[in-house]
Amino acid sequence: MLEIANIREESTEIVEALKKRNFDYREIVDDLIKTDESRRQTQAELDSKQAELNTLSKEIGELFKSGKQAEANEAKAKTADLKQATHALREALTELENKQQELLYQVPNRPHSSVPLGKTDQDNELVYSSGELPNFDVAVPHWEITEKYDLINFELGVKITGAGFPLYKGKGARLQRALINFFLDEADNAGYTEYIPPHVVNEASGFGTGQLPDKEGQMYHVTEDNLYLIPTAEVPLTNIFRGDMVSASDFPIKLCGYTPCFRREAGSYGKDVRGLNRLHQFDKVEIVQIQHPDKSYETLDAMVAHVKGILEKLELPFRIVRLCGGDLGFAAALTFDFEVYSGAQDKWLEVSSVSNFETFQANRLKLRFKDSDGKNKLAHTLNGSALALPRIMAALLENNQTENGVRVPDALQKYTGFDIIN
RNA sequence: GGAGAGUUGGCAGAGUGGUCGAAUGCGGUGGUCUUGAAAACCAUUGUGCCGAAAGGUACCGGGGGUUCGAAUCCCUCACUCUCCGCCA
């Protein structure tokens, strides 16, 4: 959520910057400014009426104390009009506040100046690529490899739960566990504190990181208890700091956690959802940082470097793209996506998304710190997947396939306990 | 699932319908003392909104009500804790 004070002060610049998202927010912003003006005016009127009422109340108290009943009762009569006026003003104010809030929810984050123009993922800017693309005569897709070596059972998942809930088995399960431990160790070495958070969150947490109210349909909702299955560890990890005033000397706050992630993925279809490409439940290690606004972009670079390091150790061909305005998420100011190459599918699979949200999430979370000038300011939040497992698994299986089986990269062997899957 | 007790500032913890944004302690910050530190002492220390400022206003779990006036009384919802039951 953008800050109303910023919108008030630089609405032109903000509308201009938001055009990168291929939408003109002029109308909403104008409405916001208008609403904000009435809101402030109403607030001022209410405050002054309230002040009158408070003064009068004190006087009445004094009169009663000094035994002047008649005068007190006379003064009492005067409060009736004031009470009515304040009541009406308070209602108007609440309405305006709600309207302003609703409007603010509709405005996405202001894209960073480096965000390229564009409409779809085709327009993302390639900023880095690494590794040789494998060249197979006959490449077997991962959903055949997993069947051949009995690593993942998709049909059993359908039987037990439904499509998109695979079962990992034997070396498949072991590989999964190895990847989680490898990613967590990498994060630990980079100074991130590990958490095991709840996998179910309440409504307030959903609002805090912005899944609610917009993406409600994407989360599994336990209506009986009004709780939501987490779509990413970002939700519980970032909400640790909801409503907090952190100390500037704590920056950067670095945390990580492994969790399963649950996504309804309503509206997905076709070959995009084949095999491990898109699941309702998948595993992910997430890294989160809370940082001083002056340093958040350095931190973003560091997080990108961290993910890069992991993919290099896994010996996977990958590339990094800077998301264009059209592809940029609602809450992000700048996002780098990591994509690994899938040899058999001949396409790039997104495995990580590293973003700086600046104050957008912090404003909703009310996550602040006391700056050196003594003022309370919103912190910057950042997060990234390091990494999401299924597509890494898919790429590992497809790219490392040989006639004798699937080769396990060196860095993973101490975690798997085997060097080949056959 | 049953019964009871609670929810107050960064934390702990008082609070009789009016002078309570709230005692006190701890913590934080600044200072005195000290070669330095500790201790002690002194001062200071919540947040939002409106306002150029002075100042005003709101906030004692959320919402509503009674009253001239509510942290305090009433209703309601949420959450926490304790005991009993069940149970990994």
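Reminder, nothing fancy here: chain letters follow the sequence lines and each chain counts from 1.
Between A/K169 and A/D150 a salt bridge is recorded (basic side-chain N to carboxylate O distance below 4.0 Å). One finds no salt bridge joining A/E52 and A/K78 here, because no Lys/Arg side-chain nitrogen approaches an Asp/Glu carboxylate oxygen to under 4.0 Å.
Searching all strands for a Watson-Crick or G-U wobble partner of B/U66 with both distances below 3.5 Å returns nothing. Base pairing annotation: B/U34 forms no Watson-Crick or G-U wobble pair, as no partner gives both donor-acceptor distances under 3.5 Å. Base-pair partner of B/A43: B/U29 (Watson-Crick or G-U wobble, both distances under 3.5 Å). Across the strands present, B/A14 finds no partner; the criterion is a Watson-Crick or G-U wobble pair with both atom distances under 3.5 angstrom. Of all nucleotides present, none satisfies the Watson-Crick or G-U wobble test against B/A22 with each distance under 3.5 Å. Pairing for B/U7 goes to B/A78, judged as Watson-Crick or G-U wobble with the two contacts each under 3.5 Å. Across all strands shown, the partner of B/G1 is B/C84, judged by Watson-Crick or G-U wobble contacts whose two distances both fall under 3.5 Å.
The distance between atom CD of A/Q50 and atom C1' of B/G69, rounded to the nearest whole Å, is 11 Å. Distance, A/E91 CD to B/G64 C1': 12 Å, rounded to whole Å. The nearest whole Å value for the distance from the CG atom in A/L46 to the C1' atom in B/C59 is 14 Å. Residue A/N226 contributes atom CG, which lies 16 Å from atom P of B/C77 at whole-angstrom precision. Atom pair A/E97:CD and B/A58:P shows a separation of 14 Å (rounding to whole Å applied). For the pair A/N54 CG and B/C59 C1', the computed distance is 14 Å after rounding to whole Å. A/E52 places its CD atom 16 Å from the C1' atom of B/G69, with the value rounded to the nearest Å. Rounded to a whole Å, the CD atom of A/E203 is 16 Å from the C1' atom of B/G61.
Contacts of A/E62 with the nucleic acid, taken as non-hydrogen atoms under 4.0 Å apart, include base atoms. Within 4.0 Å (heavy atoms only), A/N73 reaches no atom of the nucleic acid at all. Within 4.0 Å (heavy atoms only), A/A75 reaches no atom of the nucleic acid at all. The residue A/R90 sits apart from the nucleic acid: no heavy atom pair falls under 4.0 Å.
Both A/I4 and A/T55 sit near RNA chain B, but only A/I4 has its closest nucleotide nearer the 5' end. In this structure, A/G61 and A/R39 both approach RNA chain B, and ranking their closest nucleotides by distance from the 5' end singles out A/G61.
Side chain of A/K83, nearest nucleotide from B/U67, B/U57, B/C50: B/U67. Comparing B/C68, B/A58, B/C50 by their closest approach to the side chain of A/A44 singles out B/C50. Closest to the side chain of A/D47, from the set B/U57, B/C50, B/G69, is B/U57. Comparing atom distances between the A/H87 side chain and each of B/U47, B/C68, B/G65 picks out B/G65 as nearest.
Separating the P atom of B/U72 from that of B/C84 is a span of 34 Å, rounded to the nearest Å. When the C1' atom is used for both B/G46 and B/C42, the distance is 22 Å, rounded to whole Å. Look at the C1' atom in both B/C83 and B/U76: the space between them is 26 Å, to the nearest Å. Taking atom C1' in both B/G4 and B/G63, the straight-line distance is 25 Å, to the nearest Å. Across B/G17 and B/A12, the matching P atoms stand 26 Å from one another, rounded to whole Å. Annotation: B/U32 and B/U82 have their P atoms spaced 48 Å apart (nearest Å). On the C1' atoms, B/G25 is 30 Å away from B/G62, given to the nearest whole Å. Look at the C1' atom in both B/A52 and B/A38: the space between them is 47 Å, to the nearest Å.
Between A/H199 and A/F262, a ring centre-to-centre spacing not shorter than 6.0 Å is recorded. Aromatic ring centres of A/F251 and A/F369: separated by under 6.0 Å. With ring centers used as reference points, A/Y25 lies under 6.0 Å from A/F23. Ring centroid separation for the pair A/H380 and A/F357 does not come in under the 6.0 Å cut-off.
Within the structure, the salt bridge (Lys or Arg N to Asp or Glu O under 4.0 Å) test picks out the following pairs touching residues 183-204 of chain A (sequence neighbours left out): A/E186-A/K313.
Here A/Q43 does not reach the OP1 or OP2 of B/A58: none of its side-chain N or O atoms lies under 4.0 Å away. At the phosphate of B/G46, neither OP1 nor OP2 sits under 4.0 Å from any side-chain N or O atom of A/N376.
No hydrogens or angles considered: a donor-acceptor pair under 3.5 Å links the side chains of A/Q100 and A/R39.
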